[in-house]
Amino acid sequence: MIALVSAGCGGGDDVDLDDPAGSGDPDGSNLDQDDPDGQGGTLVAAISAQPDQFDPHKTQAYASFQILENVYDTLVVPDAEGEFQPSLATEWTTSEDGLTWTFTLRDGVTFHDGSAFDSADVVYSFNRIIDEQLANAYRFASVADIQATDPRTVTITLSTPTPALLDNIGGFKGMSIIPEGAAEATDLATTAIGTGPFTLEDAGAGGVTLARYDDYWGDPAIVDGVEFQYVSEPAAALTALRSGDVHWTDNVPPQDIEGLEDDEEVELGVTPSVDYWYLAMNEARPPFDNRDFRRGVAFGIDRDEVTEAARFGAATTNQSAIPEQSLWYHEYAPFEHDPDQATDLIGANSTASPQPMGLMVTDEYPETVQAAQVIQAQLAEVGVEVGIEQETFATWLDRQAAGDYDAFLLGWLGNLDPFGFYHAQHVCEGTSNFQGYCNPEVDDLLTQAAAETDQDARKALYDQAAELIVDDVSYLYLYNPDVVQAWAPGLEGYEIRPDKAINFETVRLPE
């Protein structure tokens with residue numbers, strides 16, 4: 001999922017450390033367990049933040065997608081290696097000129113409201129994103145037409161070749177298929193009508209409950225349902241896992257990772273991710289509109305110290321977006337920590353001494369707070385007085401969208417193709433270009449790269465664009481984190497993934 005780490009409508013609930021999941025069952029004895037054959041039961045998962053809504057086309061919140069991953073389907077879906085596999089489409093063909101893609105749809109699929117899935121639902125879903133200019137409309141920039149050729153066939157006609165098309169329409173659940181007319185008939189912010197293995201049963205201040213959809217087109221889920229609990233404090237989530245109050249969490253204290261490797265009460269999963277975390281400065285406000293000032297900030301930050309404080313070694317520092325295990329990785333690191341150069345650039349391009357800078361973070365992602373504290377100390381040494389502004393994530397999102405900030409810390413999750421790493425964030429009119437960056441040369445390179453079908457030539461274009469983005473400090477990249485998740489010993493069928501997609505339909509609870 002190219003998903004902004006965007007999460008909820010408020011902070012996580014207070015947690016009783018004796019009963020972290022809020023189950024009223026401190027010893028975990030009332031957790032639903034599976035039957036002797038390992039079937040059924042309710043999986044309890046602790047996540048750090050609340051979803052902001054459940055409309056897959058409008059949310060950009062990772063906390064929402066953690067839930068929607070199990071409720072909705074896309075035409076195609078990436079596997080754990082990032083290769084696209086059939087989902088609601090069983091096969092697809094591409095014309096010789098690369099401009100016509102034909103998708104054959106799966107037969108016998110029903111939505112959770114009982115209605116039958118067909119090509120009209122696909123056309124409706126994609127046109128909704130395009131016509132309403134929703135956050136992911138940029139993914140259809142090269143799409144000239146979408147037609148329901150017949151009930152089982154959808155044809156997408158392009159204006160230019162688009163090698164990232166499968167990623168654009170299936171890389172994450174923001175491109176989910178909803179029933180024709182659903183947005184007009186239903187409040188999709190509070191309900192969900194998908195075709196996935198679970199239905200959305202209940203959502204409230206304490207969590208979200210899913211139930212197995214027995215008419216799912218694939219193999220039915222093993223568990224009866226999934227209960228997501230909001231536990232914002234990592235230590236509390238780990239306590240809940242150890243005590244048996246939850247079965248799974250991705251909210252693991254980074255400082256505990258090494259010790260958990262030999263912990264018999266916890267099964268630990270760690271894998272390199274396709275995510276990046278970064279600092280962005282608001283270029284609509286001076287002095288952050290000055291490239292040399294931003295470069296001064298970049299020289300003033302020691303990424304190794306920031307990464308260690310935020311992730312305790314479970315990350316790799318990087319000055320560009322794409323992690324080194326990707327074939328799209330480009331090694332480029334012009335901003336080694338240099339306090340003297342930072343002081344010179346900041347002093348020469350700021351009228352205030354020290355220069356104040358508000359840095360917006362959220363405790364629903366504690367690593368942003370920890371990183372900000374280190375950055376605050378580092379920049380104080382080079383003439384920038386950082387004020388850490390800690391918000392609920394709902395407020396954080398509102399302020400980001402309104403441009404009401406000096407700078408913020410956050411991350412992008414689940415990127416697969418370089419289009420997702422760079423395009424919407426850095427083209428002048430990009431839907432996620434909240435920092436207000438604009439460089440026509442970058443626009444030209446990214447536009448060329450999006451249509452280039454030769455992989456080597458395409459990579460060269462993205463490498464050039466990445467260097468300009470880094471040089472201009474559109475984003476000040478910090479690190480690529482590892483995916484770290486933990487679950488109860490004996491829980492079977494869960495696969496940790498670099499894109500952080502969380503799929504629970506194959507999970508079997510411990511006996």
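- Under the 6.0 Å cut-off for aromatic ring centres, Tyr213 and His112 qualify, their centroids lying closer than that.
- The minimum heavy-atom distance between Asp275 and Ser273, with the atom names listed, is N-OG, 3.0 Å.
- The aromatic rings of Tyr494 and Trp248 stand perpendicular to each other, their planes meeting at an angle above 60°, with 30° marking the opposite boundary.
- Between Phe117 and Phe111, the ring-plane angle classifies as perpendicular under the 30° and 60° cut-offs.
- Within the 3.5 Å criterion, the main-chain N or O of Gly493 finds a donor-acceptor partner in the side chain of Thr506.
- Ring centers of Phe172 and Tyr62: at least 6.0 Å apart, outside the cut-off.
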* To do: Apply salt bridge (Lys or Arg N to Asp or Glu O under 4.0 Å) to Lys500 and Asp250, showing your working.
  => CA-CA 9 Å; Lys500 287 189 177 178; Asp250 64 347; over 6 Å; no

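- Nearest heavy atoms, Ala221 versus Pro197: CB-O, 4.5 Å.
- Taking the six-membered ring where tryptophan is involved, the planes of Phe228 and Phe504 are tilted, since the angle between them lies from 30° to 60°.
- For the side chain to side chain donor-acceptor pair (under 3.5 Å) test with Tyr479, the passing option among Gln319, Glu308, Glu367, Arg303 is Glu367; the others fail.
- At least one side-chain heavy atom of Gln373 sits under 4.5 Å from a side-chain heavy atom of Ile388.
- Sparse packing is recorded around CG of Asp219, with 12 or fewer heavy atoms of other residues, nucleotides or ligands lying under 6.0 Å away.
- The environment of CD in Gln85 is crowded: more than 12 heavy-atom neighbours from other residues, nucleotides or ligands sit within 6.0 Å.
- A distance-only check finds a donor-acceptor pair linking the side chain of Arg311 to the backbone of Asp482 [under 3.5 Å].
- The two residues Arg497 and Ala80 make their nearest non-hydrogen contact at NH1-N, 3.8 Å.
- The minimum heavy-atom distance linking Ser125 with His57 is given by the pair O-CE1, 3.7 Å.
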* **Arg106 and Asp73: CA distance, side-chain angles, deciding distance, salt bridge (Lys or Arg N to Asp or Glu O under 4.0 Å) verdict** => CA-CA 12 Å; Arg106 191 176 298 277; Asp73 289 315; over 6 Å; no

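- Ring orientation note: the planes of Tyr475 and Tyr477 are nearly perpendicular, at an angle over 60° on the 30°/60° scale.
- Minimum interatomic distance between Cys428 and Asn433 (heavy atoms only, all atoms of both residues): O-ND2, 3.6 Å.
- The aromatic rings of Trp101 and Phe103 lie parallel to each other, their planes meeting at an angle below 30°, with 60° marking the opposite boundary.
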* Mind running side chain to side chain donor-acceptor pair (under 3.5 Å) on Asp472 and Tyr437 for me, showing each step along the way? => CA-CA 9 Å; Asp472 291 343; Tyr437 172 69; 2.5 Å; yes

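- Evaluated for a side-chain contact (heavy atoms from CB on, under 4.5 Å) with Thr59, the options Leu134, Asp52, Leu188, Ile67 yield exactly one hit, Asp52.
- With a 4.5 Å cut-off on side-chain heavy atoms, Met281 and Val473 count as touching.
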* Under the ring pair (Phe, Tyr, Trp, His ring centres under 6.0 Å) criterion, do Phe419 and Tyr138 qualify, and how do the steps go? -> CA-CA 10 Å; Phe419 182 88; Tyr138 74 96; 5.7 Å; yes

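- What you find for Ala63 and Ala49 is that their closest heavy atoms are CB-O, 3.4 Å.
- Side-chain atoms of Asp454 come within 3.5 Å of backbone atoms of Ala457 as a donor-acceptor pair (strictly under, hydrogens ignored).
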